[in-house]
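Here's the structure we're looking at; comments come further down.
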Amino acid sequence: MLSLLPSPVASTLPGAAYLLPSLTRIPILRTPPRASMSAAASTPDAVPSPAASAVGEEPRKVAEDVVVQYVVLRRDLADAWPLGSVVAQGCHAAVAAVWAHRDHPDTAAYCAPGNLDSMHKVTLEVKGETQLKNLAEKLEAAGVRHKLWIEQPENIPTCIATAPCPKSQVASFFRKLKLCK
């Protein structure tokens with residue numbers, strides 16, 4: 001079901017109608033696996049079978065299919081830089097990943113007005129630059145949409161953010177990483 005809603009911003013800001021023509025409400029539905037998203041999509045347990053979508057579906061499998069964005073920060077920078085600077089790096093990467101893939105259906109669903117207050121984001125950490133680059137290479141090879149943020153002008157890779165996508169399709173890339181603390 002698709003419904004167009006008038007933009008509350010457009011009515012209060014001059015010229016906002018040009019920037020935000022109208023907001024679209026898109027329900028988040030179970031997304032079928034995409035072969036190009038990750039190797040996780042090809043595993044039998046990654047996505048529930050069509051029979052599992054019937055009444056009595058296991059709650060754990062529903063949670064795996066939530067649309068999520070992963071943000072991975074470098075622990076060595078968190079120990080050396082001010083907390084605000086490290087957080088800003090993650091924010092840059094997250095916004096860049098969303099904007100670069102703004103036309104993808106998963107991103108549209110993640111950013112739909114009805115979902116803005118319930119976004120799912122997982123913030124993880126790697127030890128340093130080598131691990132971050134290795135993760136970026138794995139994501140690239142698997143076709144997972146993401147952004148490796150490189151702070152300029154220093155040219156320092158600081159973090160990775162995935163574009164929003166079903167958790168079941170990308171979680172395997174992040175299982176061995178620790179939550180960022």
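Just so it is clear, the values below take in all heavy atoms, side chains as well, and ignore hydrogens, waters and symmetry mates.
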Quick one: closest heavy-atom pair of [X] and [Y], and the distance?
X: Ala163; Y: His101; value: CB-CD2, 3.6 Å
X: Ala97; Y: Ala161; value: CB-O, 3.6 Å
X: Arg102; Y: Thr107; value: CA-CG2, 3.8 Å

Quick check for you: to the nearest 0.5 Å, what is the distance between [X] atom [atom1] and [Y] atom [atom2]?
X: Cys111; Y: His104; atom1: SG; atom2: NE2; result: 12.5 Å
X: Arg74; Y: Gln131; atom1: CZ; atom2: CD; result: 9.0 Å
X: Leu132; Y: Glu137; atom1: CG; atom2: CD; result: 10.5 Å
X: Gln89; Y: Cys91; atom1: CD; atom2: SG; result: 9.5 Å
X: Ser168; Y: Asp65; atom1: OG; atom2: CG; result: 4.0 Å
X: Glu125; Y: Asp76; atom1: CD; atom2: CG; result: 10.0 Å

Check whether [X] and [Y] end up in the same hydrophobic cluster, where Ile, Leu, Val, Met, Phe, Trp and Tyr are linked by side-chain heavy atoms less than 4.5 Å apart.
X: Leu124; Y: Leu83; answer: no
X: Trp149; Y: Val95; answer: no
X: Leu139; Y: Leu177; answer: yes
X: Val87; Y: Val72; answer: no
X: Val68; Y: Val126; answer: yes

**Study point:** Heavy-atom donor-acceptor pair, Asn115 side chain to Ala109 backbone, under 3.5 Å
**Key:**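 Yes; at least one donor-acceptor contact below 3.5 Å.
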Check your understanding: Is a side-chain N or O of Arg145 found less than 3.5 angstrom from the main chain of Pro164, in a donor-acceptor match?
Key ->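 Such a contact is found between Arg145 side chain and Pro164 backbone.
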Practice item. Apply salt bridge (charged side-chain N to carboxylate O under 4.0 Å, His left out) to Lys133 and list each qualifying residue two or more places apart in sequence or on a separate chain. Key: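 Per chain and number, Lys133 pairs via salt bridge (charged side-chain N to carboxylate O under 4.0 Å, His left out) with Glu129.
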Check your understanding: Glu140: what forms a side-chain contact (heavy atoms from CB on, under 4.5 Å) with it, not counting sequence neighbours?
Key ->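 With neighbours one apart ignored, the set is His146.
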Exercise for review: Taking atom CG of Leu116 as the centre, report whether more than 12 heavy atoms of other residues, nucleotides or ligands fall under 6.0 Å from it.
Suggested key: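 Yes, enclosed.
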**Study point:** Under 4.5 Å side-chain linkage, directly or through intermediates, the cluster mates of Val86
**Key:**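 Direct or chained contacts put Val86 with Val71, Leu73, Leu77, Trp81, Ile156.
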**Study point:** For Gln69, the option from Lys167, Lys121, Met119 that meets side chain to side chain contact (heavy atoms under 4.5 Å, CB included)
**Key:**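 Exactly one pass, corresponding to Lys121.
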Point to revise | Matching residue for Phe173 among Ile160, Thr162, Val144 - test: side chain to side chain contact (heavy atoms under 4.5 Å, CB included) | key: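 Option passing the side chain to side chain contact (heavy atoms under 4.5 Å, CB included) with Phe173: Val144.
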